[in-house]
Amino acid sequence: MEGKIKRITTRTLAEMKVRREPIVMLTAYDYTFARLLDEAGIEVLLVGDSASNVIAGHETTLPITLDEMIYHGKAVVRAARRAMVVVDMPFGSYQGDSKGALHAAIRIMKESGAHAVKVEGGASVIESVQRIISAGIPVMGHLGLTPQSIYQFGGYRVRAKESSEAERLRQDARLLAEVGVFAIVLEKIPASLAKEVSESLPIPTIGIGAGPYCDGQVLVLHDMLGLNKAFSPRFLRRYADLAASVSEACTQYIRDVKNRDFPSLAESYE
Ligand code: KIV
């Protein structure tokens with residue numbers, strides 16, 4: 001009989017921080033990739049609202065809807081046997097209205113079967129975070145470059161380089177930890193600040209463009225697989241060149257069909 005696979009939980013992640021074992025997170029949006037990632041041993045699958053960019057082709061993460069996030073969440077949850085699945089709360093579903101935020105978080109948990117939700121921001125969304133946590137839903141925070149605020153930032157530059165913004169980030173991180181978030185994503189901030197925050201918090205930090213001292217790392221799947229040639233920030237390491245593989249496969253397929261090489265009789269039925 002096959003042994004039962006032990007699910008990664010918020011407790012597992014807390015224990016990993018204590019053991020200083022790096023946490024590995026990747027984004028996932030569909031069943032096929034999520035199954036491969038889960039089988040490879042990725043510990044946390046983030047159903048990121050970056051689906052708005054890499055799946056739907058929008059310029060920003062703002063247009064993706066709650067229903068669309070739940071759709072992607074469901075597909076990933078069906079595939080994940082070991083990984084913890086975290087679903088991003090989309091723009092507009094939790095800012096400014098904590099009752100609405102709880103309703104949206106409950107929909108994500110009930111309808112997708114995810115294990116946690118993620119929200120962007122600190123003090124400005126703390127009422128929503130507290131209300132969601134008080135309903136027993138684990139919340140992951142996200143500070144630094146928070147893409148849902150991109151029009152306020154005016155671009156994708158490194159955040160918290162100035163001391164006032166760095167101080168605000170420290171306070172936000174402390175506040176999120178105090179109200180009970182189980183981990184915080186730190187995006188595109190100086191490595192020294194990420195180190196300081198990671199060492200001062202009792203909960204894990206997961207970095208993206210935040211240097212090597214975070215308790216874990218996350219990348220957007222399509223970027224690290226080399227599917228998106230147009231996006232080349234300094235922090236991105238590409239682990240494959242799938243754009244080239246897909247292009248070569250399609251070129252070969254076109255050639256074979258045009259030359260009547262495909263299908264052969266062996267690939268046909270009698
Ligand atoms: O939506 C996303 O992919 C994210 C990661 C960049 C952390 O939030």
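Atoms within each ligand, like the ligands themselves, are counted from 1 in listed order. If you're wondering where the values come from, they're calculated on a predicted model, not measured in any experiment.
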Which protein N or O atoms sit under 3.5 Å from any N or O of ligand 1? Give atom names and distances.
residue, atom, partner, partner atom, Å
ligand 1, 1 (O), D49, N, 3.2
ligand 1, 1 (O), D49, OD1, 3.0
ligand 1, 1 (O), S50, N, 3.1
ligand 1, 1 (O), S50, OG, 3.3
ligand 1, 1 (O), D88, OD2, 3.1
ligand 1, 3 (O), S50, OG, 2.5
ligand 1, 8 (O), K118, NZ, 2.9

Counting neighbours of NZ on K229 that are heavy atoms of other residues, nucleotides or ligands and sit closer than 6.0 Å, is the number greater than 12?
yes
Would you say that more than 12 heavy atoms from the other residues, nucleotides or ligands in this model lie under 6.0 Å from the NE2 of H58, or not?
yes
I would like to know whether S264 and E267 meet side chain to side chain donor-acceptor pair (under 3.5 Å); could you show each step before the answer?
CA-CA 5 Å; S264 67; E267 290 160 326; 3.2 Å; yes
Do you know the tightest heavy-atom contact between E120 and Y94?
N-OH, 3.0 Å
Closest non-hydrogen atom pair, E43 against P22:
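The pair with the smallest heavy-atom distance is OE1-O, 3.9 Å.
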Would the distance check show the side chain of S200 and the main-chain N or O of V197 forming a donor-acceptor pair, the cut-off being under 3.5 Å?
yes
